[in-house]
Protein chains: 2
Amino acid sequence: MTMAATAHRSNPAAEPRLGLRERKKIKTRMAIRTATYRLVEEQGYDATTIEQIADAAEVSPSTVFRYFPTKEDIVVTDEYDPLLEEELRARPEGEPLVESLRHVVHRAVERSASGEYGTPAEMRLRSRLMVEVPAVRARTIESMASTGLTLCQVVADRTGRDPSDLEVRVYCMSVVAALTEASRYWTEHGQRGHMGDYVQRALDVLEHGLEPRNSKSP
Amino acid sequence: MTMAATAHRSNPAAEPRLGLRERKKIKTRMAIRTATYRLVEEQGYDATTIEQIADAAEVSPSTVFRYFPTKEDIVVTDEYDPLLEEELRARPEGEPLVESLRHVVHRAVERSASGEYGTPAEMRLRSRLMVEVPAVRARTIESMASTGLTLCQVVADRTGRDPSDLEVRVYCMSVVAALTEASRYWTEHGQRGHMGDYVQRALDVLEHGLEPRNSKSP
DNA sequence: CCATGAAATGAGAGTAACTCTCAAAAGATT
DNA sequence: AATCTTTTGAGAGTTACTCTCATTTCATGG
């Protein structure tokens with residue numbers, strides 16, 4: 001919302017658009033996240049307390065909770081749904097839905113891998129936590145559901161249906177489930193190979209169902 | 001697992017198969033659940049504490065936690081995955097997967113509506129909580145994911161694939177997502193009509209995708 | 001540059017969901 | 001009836017999270 005991404009591209013003096021306050025908030029947010037990733041890497045998720053995180057980020061526990069409603073959110077939260085929506089809407093009118101999804105998701109995966117959203121190590125840890133820690137996993141799925149609702153909007157506009165239509169909802173949620181499963185699969189297999197490939201295969205299943213073809217594994 | 005269902009059908013003396021201990025455990029479990037449903041109905045989920053539940057069920061808080069690992073589990077937990085698996089496997093060999101699912105899910109919905117798993121009022125409350133209370137919702141999805149894994153086994157056997165195959169996983173998880181969404185839709189619309197109908201429509205979407213047909217809503 | 005207002009922070013007290021431990025109670029067994 | 005095993009209750013402890021209020025820190029208009 002506050003377009004944090006623009007901040008780190010500017011030379012120090014040229015863009016004092018954001019007041020000191022806003023800049024500090026962004027810094028604090030990052031400090032909390034960074035501290036969390038470091039501590040969790042060292043000690044594990046459950047063993048890391050909010051107090052430790054607060055100490056490491058040099059803020060008070062109160063402040064941690066002001067920035068993130070729950071401990072899980074420190075790891076899970078992202079704010080890229082608007083971006084996804086924007087890119088989806090930018091796809092050509094006539095293009096089949098699945099095709100659009102392929103493109104958009106492909107780009108999202110690329111950006112994620114390129115370190116735009118955090119260091120690669122952090123992203124990997126994040127993925128692992130989303131699979132391994134029940135609380136984080138649960139929060140992730142909630143977050144994905146909200147992404148699904150965003151998707152509903154776009155799909156509804158495209159197909160001329162109502163966004164609250166059962167069919168639209170089911171379709172979008174199955175898309176989200178497919179993507180989630182692809183990511184999970186990738187993580188469960190040591191995060192080897194490109195996640196994008198798994199995503200494409202997942203979308204294949206959505207498109208064509210489960211064809212009883214070859215019976216091989218990864 | 002302990003086939004609780006058989007207990008209440010037997011006349012008192014004829015089937016003392018289960019020792020007093022087992023019978024008591026079943027009773028305690030039910031007492032906790034019943035108390036929870038009653039209190040939650042009256043006060044809401046968040047306002048109901050474990051202590052209150054323990055009091056109402058006439059056990060200690062410790063005992064509540066022994067029976068249910070989390071508060072959400074009191075509401076969410078069921079043990080019908082094995083039943084689902086069994087019924088799925090009982091379907092004829094050649095039958096298309098989606099068709100089998102239709103039958104099995106249809107029967108499950110019927111049984112659920114007939115009060116076999118709890119009073120109708122309890123079932124309705126349960127559904128509402130699974131939609132409305134974030135924590136319960138999250139736990140529900142986790143539980144659905146484990147149902148998805150069960151489904152994977154069956155699907156894998158049917159299609160001659162590996163149960164950990166990405167395609168199988170994606171397919172099963174999208175099935176589960178579709179069913180979840182149908183249930184959610186039903187609840188969000190005041191639980192009017194038969195949930196079975198929504199489920200069938202959800203499976204239609206899985207089978208045929210989102211056809212840009214009519215643009216009407218419920 | 002300072003005074004005033006607004007927003008962010010920190011400190012502290014409080015709640016409730018869990019966890020662990022240990023001793024007492026109750027059912028099972030011989 | 002005596003012993004062994006399982007279940008239970010009591011209590012203390014941890015931690016995520018909430019609320020309140022005083023203090024600090026930034027923004028702003030004069």
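Lettering follows sequence order; numbering is per chain, from 1. On a predicted model such as this, the values are computed, not experimentally measured, just so you know. Scope of the values below: all heavy atoms of this structure, side chains included, with no hydrogens, waters or symmetry mates.
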On DNA chain C, more 5' by nearest nucleotide between B:Ile50 and B:Lys24 is B:Ile50

In whole Å, what is the span from the [atom1] atom of [X] to the [atom2] atom of [N]?
X	N	atom1	atom2	value
A:Ile53	D:dC17	CD1	P	10 Å
B:Glu22	D:dT8	CD	P	11 Å
B:Asp46	D:dC17	CG	P	13 Å
B:Phe68	C:dA17	CZ	P	15 Å
A:Phe65	C:dA8	CZ	C1'	17 Å
B:Gln43	C:dA16	CD	P	11 Å
B:Asp55	C:dA16	CG	P	13 Å
A:Leu20	D:dT24	CG	P	18 Å

Ignoring the backbone of [X], work out which of [options] is nearest its side chain.
X	options	value
B:Thr28	D:dT8, C:dG10, C:dA17	D:dT8
B:Arg21	D:dT7, D:dA27, D:dG9	D:dT7
B:Lys71	C:dA26, C:dC18, D:dA16	C:dC18
A:Glu72	C:dA26, D:dC17, D:dT20	D:dC17
A:Thr49	C:dA8, D:dT15, C:dT19	D:dT15

Ion pair present between [X] and [Y], side-chain N to carboxylate O less than 4.0 angstrom?
X	Y	result
A:Asp78	A:Arg126	yes
A:Glu85	A:Arg89	yes
A:Glu188	B:Arg169	yes

Name the residue closer to the 5' end of DNA chain D, choosing between A:Ser62 and A:Ala47 according to the nucleotide with the nearest heavy atom. A:Ala47

A:Arg66 or A:Thr48: which one's nearest nucleotide on DNA chain D is closer to the 5' end? A:Thr48

Any chance you could lay out the side chain to side chain contact (heavy atoms under 4.5 Å, CB included) test for B:Phe68 and B:Arg29, step after step, and finish with the verdict? CA-CA 9 Å; B:Phe68 300 95; B:Arg29 213 181 160 75; 3.7 Å; yes

When we call it a touch if two heavy atoms are under 4.0 Å apart, what does B:Pro61 touch: a base, just sugar-phosphate, or nothing? nothing

Verdict with supporting geometry, A:Glu22 and A:Lys27, salt bridge (charged side-chain N to carboxylate O under 4.0 Å, His left out): CA-CA 9 Å; A:Glu22 299 299 316; A:Lys27 262 208 220 166; over 6 Å; no

D:dT7 OP1/OP2 closer than 4.0 Å to side-chain N/O of B:Tyr67: no

A:Thr63 side chain near C:dG10 phosphate (N/O to OP1/OP2, under 4.0 Å): yes

